[in-house]
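These numbers were taken from a predicted model, which means no experiment stands behind them. In what follows, chains are A, B, ... by sequence order, proteins preceding strands, each numbered from 1.
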Protein chains: 2
Amino acid sequence: MTDRSDTSRSRRERPAKPALTREGIVAAAVAILRAEGLPKVTMRRLAQELDTGPASLYVYVRNTAELHAAVLDELLGTVGRAPAEGDWRERLERVLDSYTEMLFAHPSLARSALSARPSGPHYLNLIETLLALLDEGGVPPAQAAWGVDLLLQHATASAAEHVETASEEDWDALRGALRGLPERTHPRIAAVGDSLLSGTPEARLAWGRRTLIAGIERTAVPD
Amino acid sequence: MTDRSDTSRSRRERPAKPALTREGIVAAAVAILRAEGLPKVTMRRLAQELDTGPASLYVYVRNTAELHAAVLDELLGTVGRAPAEGDWRERLERVLDSYTEMLFAHPSLARSALSARPSGPHYLNLIETLLALLDEGGVPPAQAAWGVDLLLQHATASAAEHVETASEEDWDALRGALRGLPERTHPRIAAVGDSLLSGTPEARLAWGRRTLIAGIERTAVPD
DNA sequence: ACCTGAACACCGTTCAAGT
DNA sequence: ACCTGAACACCGTTCAAGT
């Protein structure tokens, strides 16, 4: 079944092995991400894919976190620019939607994006686009700046929540716990019923976004 | 220097070794968390602390994720209840503050809380408290239910952003990238200047919270 | 039922040595 | 300067065997 055996080892049949450069490394990392997910994008696995040892990668990449950040910015390339039609609200939501969709496809990347502040060119383009849309909507600059952070955090965190770490069982556990609570000790939970868990991810995401925008429009930043 | 050598190995000088029960395991995990942070709270390290092999822990804990969730709920015990004084807004902010403070002290726990939906008793108490405060503020139940999720996500994500993974360098990188952008291609970023990175974490957190609450108060949930 | 030693299948990162 | 083999110091989880 396994074919990394002796007989096939020396045949050169690996298709399009990327060069050992930063670009080639990132390209190979994206390929592994697409095929098997971020947890498999490890230094060792990547080195194997590039027919070298893990130590070689450290010439081009500081560490695993930086590698993951580079992968994120690469995927962000598909998101950047704003759509041309609709009023600013619609367009804002569409840009955020495209960012979110990308992250929903790779939740573990969202997770890493939360702690490793991205600063790649595609990320900067996204910020520029969002700022322009909020400006068009008449949101004061300082408020818009902090607002962009909040909107991106919301999208990123929502995606990160979907890493598939037995999370179906977590949900069942929470659902069960909520239903089993006596009204006497937890009256408000009983009162809201299933609302705590209702709605599709998309519906909750859209509501969250509208809620954030409504707040951003009317909450001034401190001096 | 190292004293896990032969001579000291058989002396029993470990203070207050917790019993091999779920409670004892969680207690030991919390102790390691407090002393050395979540990354050190591993099955192997924990087993070592409890003078046993890692395999023994699997009788009481399904896997590492479940262990971390149990640790989170344990620490959540210090947060639960609402303060008695002030109007609902002040009290809401204080409860969220106490939740946030705990997570800021353990950012990696926040990170794991984002993907492993908590469902422990202390977490349920926190939800109940937040729902009661929003109800007191006149927020419709369904809106409050989704709002609680948004508020907790904001607090958790903000804490998770602070995992110390060379993040000082990330910040510098972002700051430098923002400053180096030509006004021609990125006019809005140039226009908002330092606003994108301004403010203390506390100030941004407080603004985010007020922004969220303002939005939650006036954004209806879809039917 | 509970506990364990040993094994399987991995990790990130560093460093001395080579080219 | 770039690249590497080998090592160091770890991981989570399973399983057959013991009590």
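With P as the reference atom, dA9(D) and dC8(C) are 23 Å apart, rounded to whole Å.
Put simply, the side chain of Arg34(B) reaches to within 4.5 Å of the side chain of Leu75(B), judged on heavy atoms. You'll find the side chain of Leu96(A) reaches within 4.5 Å of the side chain of Leu130(A), heavy atoms only. Contact check for Thr42(B) versus Thr64(B): no side-chain heavy atoms found under the 4.5 Å cut-off.
In this structure, Arg45(A) atom CZ and dC10(C) atom C1' are separated by 12 Å, rounded to whole Å. Taking atom CG on Leu57(B) and atom P on dC11(D), their separation rounds to 12 Å, with Å as the unit. Whole-Å rounding puts the Gln48(A) CD to dC11(C) C1' distance at 13 Å. Atom NZ in Lys40(B) sits about 20 Å away from atom P in dC11(C), given to the nearest Å. Atom C1' of nucleotide dC2(D) and atom CZ of Arg22(A) are separated by 16 Å, given to the nearest angstrom. Spacing between atom CG of Leu50(B) and atom P of dG5(C) amounts to 14 Å, rounded to whole angstrom units. Protein atom CG of Asp51(B) is 20 Å distant from nucleotide atom P of dC2(C), rounded to whole Å.
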Revision key, fill the gap. Per-residue pairing states of DNA chain D in dot-bracket (Watson-Crick or G-U under 3.5 Å; . unpaired, | other strand) read ||.|||||...|||||.||
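Partners of Glu66(A) under the side chain to side chain donor-acceptor pair (under 3.5 Å) rule, at least two apart in sequence or in another chain, are Arg22(A).
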Check your understanding: Could you write nucleotides 13-19 of chain C as a row of B, S and -, 5' to 3', where a protein heavy atom under 4.0 Å of any base atom gives B, of only sugar-phosphate atoms gives S, and otherwise -?
Key -> BBB----
Exercise for review: Determine, step by step, whether Val148(A) and Val192(B) satisfy the side-chain contact (heavy atoms from CB on, under 4.5 Å) criterion, reporting the C-alpha distance in whole Å, the side-chain angles of both residues, the deciding distance to 0.1 Å, and the verdict.
Suggested key: CA-CA 12 Å; Val148(A) 163; Val192(B) 302; over 6 Å; no
Review point. Between Leu103(A) and Leu72(A), is a side-chain contact (heavy atoms from CB on, under 4.5 Å) present by the stated rule, with each step listed?
Key: CA-CA 9 Å; Leu103(A) 288 183; Leu72(A) 173 65; 4.0 Å; yes
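The pair Glu93(B)-Arg210(B) does not meet the salt-bridge criterion, since no charged nitrogen lies less than 4.0 angstrom from a carboxylate oxygen.
For the pair Thr52(A) and dT4(D), the criterion of a side-chain N or O lying under 4.0 Å from OP1 or OP2 is met.
Across all their heavy atoms, Gly199(A) and Arg204(A) have their closest contact at O-CD, 4.2 Å. When all heavy atoms of Leu212(B) and Thr211(A) are compared, the closest pair comes out as O-CG2, 4.1 Å.
At a threshold of 4.0 angstrom between heavy atoms, the contacts of Thr42(A) are confined to the sugar-phosphate backbone, with no base atom among them.
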